[in-house]
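Reviewing the structure listed below.
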There are 2 protein chains.
Amino acid sequence: MTKQTGLDKATQSLRESLFSGAFHPEERVGEHAVAERLGVSRTLARLAMGALEREGLLLRSPRRGFTVRSFSIDEIVGAIEIRGELEAIAARKLAEAGFTEEQDRYFAGLLEESAAILRAGTVTLDNRQRWTELNEELHSGMIREAGVTALREAFVQVVRLPLVAPRVIVFDTGDPEYSRPQLETAQRDHQRILDAIRARQGTRAAELMRDHSLRSGENKKLNLKRMQDSATLRSLPGGPLISLSTPEDESCS
Amino acid sequence: MTKQTGLDKATQSLRESLFSGAFHPEERVGEHAVAERLGVSRTLARLAMGALEREGLLLRSPRRGFTVRSFSIDEIVGAIEIRGELEAIAARKLAEAGFTEEQDRYFAGLLEESAAILRAGTVTLDNRQRWTELNEELHSGMIREAGVTALREAFVQVVRLPLVAPRVIVFDTGDPEYSRPQLETAQRDHQRILDAIRARQGTRAAELMRDHSLRSGENKKLNLKRMQDSATLRSLPGGPLISLSTPEDESCS
DNA sequence: AAGATATATTTTGCATGCAATGTCTAAAAC
DNA sequence: GTTTTAGACATTGCATGCAAAATATATCTT
């Protein structure tokens, strides 16, 4: 556990503020306002803002401060697509290199636990929560285990955008059991991808991964479109923009 | 032209210092040293260091300052590969969407000018310089025109690593005419890629792009390995690490 | 003499303050 | 009534300074 400095906490705090929609998109966000909100000095606020600028959450105009960046649904869908492509690359590399025993056990373990959840009977909120965590583990685990630094870095860059992380799954309805088909499809996808990797079929693994991501991206897109007018996602005057909102708000992350 | 603030200049300046090897890899680099070297206050130095941390050029240990990150040849080769993959994605997207007239003219213009250089007779240093600029334009132009924000962002993230940018081409020798075959191969590749895009052959365009990048990556790798012991790339005690060095040093950027 | 502890020095982390630039407001000119 | 311009106000950009943490140095104990 690496020690946290004040900046890290401030940055995290500001990020959450942005995701939760505390500032409106396109709105100018001043050091003073941020400092006050976070209860820190302007310097720290400025540092945090600089960090979030580099994350792509804030836009900076020199001498004119920062504005919060807004994302169109297309941008988010595009980002999800790119995430899928990156994961496809990871799958191919893993297939080409072949699993180590440790990797094989690791991924098998993830898959087994998530399968167990679906076998266990009714899908509860907690179950589903755990399932999405395992999903996140699997996806980012493949990126990590591919062993290419640049791939990891590109991935975290893309995944920083709101709603893009694999942990964020937009489900149809409140009743968890209704999401069973969605989960079972994903589960099958995962199984096939791992099988392809084990069979050292790089291209096939990549294709499967791409398809898998594309499909879950389409899911998100549909649900997002449906939710665009709802209270959680504020639509903006003058465009198909949505404000940032925290994953917890509009999904079962 | 967006106005430059002091931070931008400081960051740029520090980046160049790092690339030119002013600080040794793994070395702790203190605010004071940086501030003095850049001739700015410690605050500004700290801000610049924060920016370069986000770029992946510096590593930060909380409460213990920054160290300069070093890159292994494998990391750089890996990054070049990922860059190629991203460009392949761009090619596919462009093929799927089809060129607009403007895009068609733009890319045709780039290709024509670089072809003209090769037709013109002897390859001079200036010629080659111009050619690499056009190469950069073509590669990053495809990323840009693909119209996917996340793709652009992933690209700039990857391309920030030393030696990874398409502008950096490692040539065999000092005599520019000797690099003609390398350039002509690349030129043919570019032509084929654009043709595939025009023919709306997405998968083919992507394959060609990948191959093209892979090949030029291999080129870089060979030349890098050869140069690893030379004065421009300092090898490090204890590993196959190379220090950062400015593109201008070891290539004809 | 080697290790441990205490002290001194360096370095980071952060807040405050001031000058420069940008933005807003209001009055004046047309 | 619209546009221009001058001044007040707010905000950013950056340097300095101080407290806390970390590192180096010296002293003490065994």
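Here is the naming used below: chain letters follow the sequence lines, and residue numbers restart at 1 for every chain.
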Sequence neighbours excluded, the answer for side chain to side chain donor-acceptor pair (under 3.5 Å) partners of Arg152(A) is none
Could you identify which residues of residues 33-43 of chain B place a heavy atom less than 4.0 Å from some atom of DNA chain C, listed by residue number, or say none?
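Those residues are Arg42(B).
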Value in whole Å for how far the [atom2] atom of [N] lies from [atom1] of [X]:
X        : N       : atom1 : atom2 : result
Arg28(A) : dT23(C) : CZ    : C1'   : 8 Å
Glu31(A) : dT21(C) : CD    : P     : 16 Å
His32(B) : dT16(D) : NE2   : P     : 12 Å
Arg63(B) : dT23(D) : CZ    : P     : 11 Å
Phe66(A) : dT12(D) : CZ    : C1'   : 10 Å
Met49(A) : dT12(D) : CE    : P     : 7 Å
Arg64(B) : dA21(D) : CZ    : P     : 15 Å
Leu59(B) : dT12(C) : CG    : C1'   : 17 Å

*Would you name the heavy atoms of Ala154(A) and Val158(B) that are closest together and state the gap between them?*
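That closest heavy-atom pairing would be CB-CG2, 3.9 Å.
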Ala10(B) and Leu38(B) have their tightest heavy-atom pair at O-CD1, 3.6 Å
Looking at [X] and [Y], does any basic side-chain N land under 4.0 Å from a carboxylate oxygen?
X         : Y         : answer
Arg160(B) : Glu153(A) : no
Arg105(B) : Glu102(B) : no
Glu53(B)  : Arg54(A)  : no

>> Quick check against the 3.5 Å criterion: does Lys220(A) have a side-chain atom that pairs as donor or acceptor with the backbone of Leu163(A)?
In response: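 A pair under 3.5 Å: yes.
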(Q) Taking only side-chain N and O atoms of Thr5(A), does any of them lie within less than 4.0 angstrom of OP1 or OP2 on dC14(C)? (A) yes
| request: Check whether any side-chain N or O of Arg46(A) sits under 4.0 Å from OP1 or OP2 of dT12(D), and answer yes or no. | output: no
### Message
Using a heavy-atom cut-off of 4.0 Å across all strands, would you classify Leu47(B) as base, sugar-phosphate, or nothing?
### Response
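It contacts nothing in the nucleic acid.
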